[in-house]
Amino acid sequence: MNLDLINDVPDGLTRRARSFVGAHGIKVDGNQVGQHRQRWLDLEVPAAVIDRMTVFQERWGGLLLPPAPQYDGGPKYLDPDSPEGTTSEGWWFEAGMQRTAVPFSFMIGPAGEFGIHAGSWTPLHATVEGWVESLALSHHASMWARQTVKVTGDDVKRITLDAYEAVPEVAGLADNWWRGTDSLVAIYSGEAECLSFPSARVAMIYSGLDEWGLYG
């Protein structure tokens, strides 16, 4: 496997995420969608779906980032493969193979969402950029917080977020980030929803943050 530093960080990311990808990301040899195009067409995968995979591969293919704090680290690296779906329900494709043994696959949804699939589909973020932003924010918050508290299961529902605002760049769906006056809260509900396992819900509360910690 060839490894290269990131010289061309994808656009559309915040300064924080661009810095994170540039400093910690590595490019590896990934899947080349064009090599499989005719085989997928023969399997009646729509050409438009393969075109979406090609765009994903050109923008994100081979990007290896540090492990995510949940989902046992996330994909090993971003790499499109295995399109599946129907015309009526839409089409998904694999976002990259699992980093560890988890009971779900990381997929890109019909509308470009990043999520997990295990018999049922649970979108975590509305975009791939949102997933990358979440990784960058967790790295940033863990470095600058004076205190970090982990909350699990039903206790997550007891967290009061009335004085918080959603962090828009993470494009949160099942997972989301919230910003307060001196703290950030990350709530991960993907596994709980996808696997119908409420105990898997997790929140991370990063407190004691200054202006840079909240927004930098």
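When each of Ile187, Val185, Val167 is tested with Trp177 by the rule side chain to side chain contact (heavy atoms under 4.5 Å, CB included), just one qualifies, namely Val167.
For the pair Met53/Pro83, a side-chain contact is recorded, criterion being any heavy-atom separation below 4.5 Å from C-beta on. At a threshold of 4.5 Å between non-hydrogen side-chain atoms, the residues Pro75 and Trp131 count as touching. Using a 4.5 Å heavy-atom cutoff, the side chains of Arg16 and Leu137 are in contact. In this structure, Met107 and Glu94 have side chains that are in contact, with non-hydrogen atoms separated by less than 4.5 Å. A 4.5 Å side-chain heavy-atom check between Pro66 and His139 finds every atom pair outside the cut-off.
Under a 3.5 Å cut-off, the side chain of Ser134 and the backbone N or O of Gly130 do not form any donor-acceptor pair. Checked by atom type and distance alone, the side chain of Tyr71 pairs as donor or acceptor with a backbone atom of Gly190 at under 3.5 Å. Listed for the Thr14 side chain is a donor-acceptor partner under 3.5 Å among the backbone atoms of Ala17. With Arg37 contributing its side chain and Ile50 its backbone, the two residues share no donor-acceptor pair below 3.5 Å. Between the side chain of Arg18 and the backbone N or O of Gly12, no donor-acceptor pair lies under 3.5 Å. Here the side chain of Arg179 pairs no donor or acceptor atom with the backbone of Leu184 at under 3.5 angstrom. For the pair Ser120 (side chain) and Cys194 (backbone), a donor-acceptor distance under 3.5 Å is present. Remark: side-chain polar atoms of His140 are paired, donor with acceptor, to backbone N or O of Gly213 under 3.5 angstrom.
Val149 and Val202 sit in two unconnected hydrophobic clusters of ILVMFWY residues. Membership requires side-chain heavy atoms under 4.5 Å apart, directly or through other members. In the hydrophobic clustering of ILVMFWY residues, with side-chain heavy atoms under 4.5 Å counting as a link, Met143 and Ile205 come out apart. Residues Trp91 and Trp40 share a single hydrophobic cluster, defined by chaining ILVMFWY side chains whose heavy atoms lie under 4.5 Å apart. Hydrophobic clustering, with ILVMFWY side chains joined whenever heavy atoms are under 4.5 angstrom apart, groups Met97 together with Val28. Residues Val151 and Leu161 fall within the same hydrophobic cluster, defined by Ile, Leu, Val, Met, Phe, Trp and Tyr side chains chained together at heavy-atom separations under 4.5 Å.
Pairing each heavy atom of Pro69 with each of Leu135, the nearest pair is CD-CD2, 4.4 Å. Across all their heavy atoms, His117 and Gly119 have their closest contact at ND1-N, 3.4 Å. When all heavy atoms of Ala166 and Trp178 are compared, the closest pair comes out as N-CE3, 3.4 Å. Here the closest heavy-atom approach between residue Lys27 and residue Gly61 is recorded as NZ-O, 2.8 Å. Between Val45 and Leu41 the shortest heavy-atom distance is O-CD2, 3.6 Å. In terms of heavy atoms, Phe93 sits closest to Arg52 at CE2-NH2, 3.7 Å.
How far CZ of Arg146 is from CG of Leu209: 9.0 Å, rounded to the nearest 0.5 Å. Here the CZ-OG1 distance, from Arg158 to Thr160, works out to 11.0 Å after rounding to the nearest 0.5 Å. The CD atom of Glu191 sits 7.5 Å away from the CD atom of Gln70 when rounded to the nearest 0.5 Å. Rounding to the nearest 0.5 Å places OH of Tyr215 at 12.0 Å from CG of Asp210. To the nearest 0.5 Å, atom CG of residue Asp175 and atom CG of residue Leu124 are 4.5 Å apart. Between atom CZ of residue Phe20 and atom CG of residue Leu65 there is a gap of 5.0 Å, rounded to the nearest 0.5 Å.
Relative orientation of the His125 and Phe114 rings is tilted, given thresholds of 30° and 60° on the angle between their planes. Using the six-membered ring where Trp is involved, Phe104 and Phe106 have ring planes that are perpendicular, over 60° apart on the 30 and 60° scheme.
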> Would Val33 and Phe56 count as a side chain to side chain contact (heavy atoms under 4.5 Å, CB included) if you check the C-alpha gap in whole Å, the side-chain angles of each, and the deciding distance to 0.1 Å?
Replying inline: CA-CA 10 Å; Val33 173; Phe56 178 92; over 6 Å; no

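No more than 12 heavy atoms of other residues, nucleotides or ligands sit less than 6.0 Å from atom CZ of Arg15.
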